Amino acid sequence: MRTLRCGEVRPLHVGERITVCGWVGKRREHGEHLAFVDLRDYTGIVQCVVEGSVDVRSEYVLQVEGTVSARPSGTTNDQLATGEVELHDCVVTVLNAAEPPPFAVDDRVEVDEPIRLKHRYIDLRRPKMQRNLRLRAQVNRAIRLAMDAQDFCEIETPLLWAPTPEGSREFAVPSRLHQGKFYSLPQSPQLAKQLLMVGGFDRYYQIARCLRDEDLRADRQFEFSQLDLECSFVTEQEIRAFVTEAVLDAAEVATGVRPGAVETITWAEAIDQYGTDKPDLRFEMRLIDLSADFAETEVKAFAAPTVKALKVEGGAEFSRSRLDQLVDRAKSLGAKGLAWFKVTEHDGVLGVDSPLDRFLTDAERAAVLDRTGASAGDLIVIVADEYRLVCSVLGTLRVDLGGAPVSEGPYRYVWVVDFPLFDGVDAEGRPEAAHHAFTMPHPEDLERLESDPLSVRAQSYDLVLNGWELGSGSIRIHRFDIQQRVFAAMGIDAEEAELRFGFLLGAFKYGAPPHGGFAFGIDRLVAIFAGENNIREVIAFPKTQSGADLLTGAPSHLPAAQMAELGIRPVPKAT
RNA sequence: GGACCUGUGGUGCAGCCUGGAGUGCACGCCGCCCUGUCAAGGCGGAGGUCGCGGGUUCAAAUCCCGUCAGGUCCGCCA
């Protein structure tokens, strides 16, 4: 039907009779004797010269047979890859007419997202969406090649699966054959892949669809894709090396540049220096500890277990209203307040300009200036409170003040390792698994599992790229005795364990190998490479923040007969 | 569950704060003109439930309340 794609026509084709197919972009008519039609497909645009009038409109689908000719001198277009040539003596076949589209198929025109999503099939024609989805395919391919090269075996796991009441809320699917019973859509293939390890597939992977019924965000959809992998007889370092290979290959394919070595920092260092477990290493600005300097302070605002600061270079220029906004932001993040100090210089001596200055001792003022290494023109902001709160508030402010959009290069991967096994306690005072209940404690900390569980580190690790958490993984518990101790620490007795994870524990009795794995989000990775701050831009048919599909109208009501067949009935919403 | 922002011809905006005739801009669309344009150009034209409902007012796109939709964020996401 065609011999070349629109964007592929070049001077080397001059003289050839070719056939191209595509959509009408722009047409420029000059009376009844001459018209130019831009024919577009995903590769680009080629100009068709029609001697005479032509009855085509925007987005008509055409087949054009024509002779490639060099453009007359002075009429070439260096904006187009095909700008030195054009098609003459065109035979135009209208394959399909089209109504005027609701918006232009053109990246230069900004269109509100609801309109784009309602007519996604048109939006997908736009060059950006073509680029993004094709980039995604490239990344998928690079990942598959990398995993294959590392002897991983691709295996699919069920979407209709048993509920695994851990972590995020699952979607339920009513069973027709077993009325009143339900399948769950997996939040991840976690348990399935561990069963594959017991089944002897010592290196498994898949690009798996995962489903989580949690509120949506710019970086979260109900359904998303992960590179999911699990392997046996490996160390934590080996697993990270497998994943590193895949993500470096993906970055190289996507950007043309292979990022440098991936750094590794511990969770504790990340929290302490960056205030978050997903640090953005593209800019320096670290949290500076002033706790010791204010241990004996008389300043009420700083009388707290932890006092930490951020230095904002050049921040002394901030207006009062901007500073007020900063204070409000800190409060909205949970801080009681935020102290700020503009660093000044008089006669070569550094000082500070701040409402709190008159309450500081000379030693305290000196400490603030020295520890932060501030110079005139900088701004220092300080939060004092409990350790974790101070870190999280300043961690967020750090990104607010110094961060760039996630998608801007350079690409700085970082492994965050040695997460705590438990992340606080639940309402009944029982430690809650930070990753999941099958995460292997750090061997050095195993002895404290009963005496001081919250201090126990896990053999778990996250991969972070430019401040976005791409994914996480861990070495799993494969021995029953350790699993029992972890369950006990979490307050899960044998009966409850059997109820929730019986099939996994049962399988583990029959020779479970030591194993561990990882999973990272493809949507987030591709979004970053595509220069998007929003994963909907790399998903063909995404849902809105309220979980609606504006194209299909989903979710929608089921016909009564189908409801009856499934044995389900809606109940009025409780008020 | 909560906070904030947005909603005006097909599209993107301005108008709203400080109420006074659906007023304006750009693109698109329709018609006519135009033989080298390329986000073509010229002339003319059509196209509106100012998201929806209520209130205040002589008068509401504009002020108030509610509601719906979209977005960003908090909670949530082992």
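Just so we're on the same page: letters track the sequence lines, and every chain starts at 1. Because the structure is a prediction, the values reported are computed rather than measured.
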Comparing A:S472 with A:P102, nearest RNA chain B nucleotide closer to 5' gives the residue A:P102
Can you tell me, in whole Å, how much space there is between the P of B:rU62 and that of B:rG9? 15 Å
message = Any side-chain to backbone donor/acceptor pair from A:R448 onto A:S455? Under 3.5 Å, distance only.
response = yes
inquiry  = Between B:rC77 and A:R220, counting only base atoms on the nucleotide and side-chain atoms on the residue, is there a donor-acceptor pair under 3.5 Å?
reply    = yes
Quote, to the nearest angstrom, the P distance that separates B:rG66 from B:rA26. 39 Å
Students often get this wrong, so: under 4.0 angstrom with heavy atoms, is A:A434 touching a base, only sugar-phosphate, or nothing? sugar-phosphate
Whole-Å distance, A:E110 CD to B:rG12 P, equals 10 Å
Exercise for review: Would you please say whether a donor-acceptor pair under 3.5 Å links the side chains of A:E532 and A:N132?
Suggested key: yes
Determine whether the side chains of A:Y204 and A:D228 contain a donor N or O and an acceptor N or O closer than 3.5 Å. yes
Note to self: Whether the side chain of A:Y413 engages the backbone of A:V247 through a donor-acceptor N/O pair (distance < 3.5 Å, no angle test) should be reported.
What the structure shows: yes
Open item on the list: For a quick check of understanding: with a heavy-atom distance under 4.0 Å over all strands, which category does A:A35 fall into, base, sugar-phosphate or nothing?
Closed with: nothing
A:K118 NZ to B:rG51 P, in whole Å, measures 16 Å
All heavy atoms of A:P186 vs all of A:L159, minimum pair found to be CD-O, 2.9 Å
Atom CD1 of A:I115 and atom P of B:rG12 are separated, to the nearest Å, by 5 Å
If pairing means Watson-Crick or G-U wobble with both distances under 3.5 Å, then the partner of B:rG66 is B:rC52
Base, sugar-phosphate alone, or nothing: which one does A:A104 contact when heavy atoms must sit under 4.0 Å apart? nothing
For residues A:S168 and A:E214, is any side-chain donor paired with an opposing acceptor at under 3.5 Å? no
Here the distance between atom P of B:rU11 and atom CG of A:D123, to the nearest Å, is 14 Å
Going 5' to 3' through nucleotides 35-43 of chain B and flagging B where a protein heavy-atom sits under 4.0 Å of the base, S where only the sugar-phosphate is that close, and - otherwise, we get BBBBSB---
Here the distance between atom C1' of B:rC76 and atom CD of A:Q221, to the nearest Å, is 16 Å
From CG of A:D112 across to C1' of B:rG12 the rounded distance in Å is 8 Å
Check your understanding: Would you call A:K278 and A:L470 a side-chain contact if the rule is heavy atoms closer than 4.5 Å?
Key -> no
Exercise. Can you tell if the side chain of A:V243 reaches within under 4.5 Å of the side chain of A:L227, non-hydrogen atoms only?
Worked result: no
Rounded to whole Å, NE2 of A:H119 lies from P of B:rU11 at a distance of 8 Å
Next on the checklist: Considering every strand and a 4.0 Å limit on heavy-atom distances, what is the contact class for A:Q190: base, sugar-phosphate, or nothing?
Outcome noted: base
Polar atom pairs between nucleotides 71-73 of chain B and protein, under 3.5 Å, N or O only, would you list them?
from   : atom 1 : to     : atom 2 : distance (Å)
B:rG71 : OP1    : A:Q545 : N      : 3.0
B:rG71 : OP2    : A:Q545 : N      : 2.7
B:rG71 : O3'    : A:R536 : NH2    : 3.1
B:rU72 : OP1    : A:N534 : ND2    : 3.1
B:rU72 : OP1    : A:R536 : NH1    : 3.4
B:rU72 : OP1    : A:R536 : NH2    : 2.9
B:rU72 : OP2    : A:R536 : NH1    : 3.4
B:rU72 : O4     : A:Q545 : OE1    : 3.3
B:rC73 : OP2    : A:A218 : N      : 3.4

Checking N1-N3 plus N6-O4 or O6-N4 for Watson-Crick, or N1-O2 and O6-N3 for wobble, each under 3.5 Å, the partner of B:rC43 is B:rG31
Re B:rG24: Watson-Crick or G-U wobble partner, both distances kept under 3.5 Å, found to be B:rC13
| task | Rounded to whole angstrom, note down the P distance from B:rA61 over to B:rG54. | result | 14 Å
* **Inter-nucleotide P distance (B:rG7, B:rC33), Å rounded** => 41 Å
Quiz item: Should A:E170 and A:L185 count as side-chain neighbours, where that means a heavy-atom distance under 4.5 Å?
Solution: no
* To do: Determine the Euclidean distance between corresponding P atoms of B:rU67 and B:rG48; express it in Å to zero decimal places.
  => 31 Å
Between the side chains of A:Q206 and A:T157, does any donor sit under 3.5 Å from an acceptor? yes
d(A:W23 CH2, A:Y42 OH) to nearest 0.5 Å is 11.0 Å
- Considering only atom C1', compute the distance from B:rC34 to B:rG41 and round it to an integer number of Å. 8 Å
The nucleotide from B:rC77, B:rG70, B:rG31 with an atom nearest the side chain of A:R57 is B:rG31
Regarding the side chain of A:S58, the nearest nucleotide among B:rG1, B:rC29, B:rG12 is B:rC29
Only residue of A:F508, A:F480, A:F501 satisfying ring pair (Phe, Tyr, Trp, His ring centres under 6.0 Å) with A:F438 is A:F501
A:R169 CZ to B:rG75 C1', in whole Å, measures 11 Å
If we take the P atom in both B:rG20 and B:rA59, what is their distance in whole Å? 14 Å
- Please measure how far the C1' atom in B:rU6 lies from the corresponding atom in B:rA14, and state the result in whole Å. 15 Å
Pairing partner of B:rA61, by Watson-Crick or G-U wobble and under 3.5 Å for both distances, is none
Taking a pair to mean Watson-Crick or G-U wobble geometry with both distances below 3.5 Å, B:rC77 pairs with none
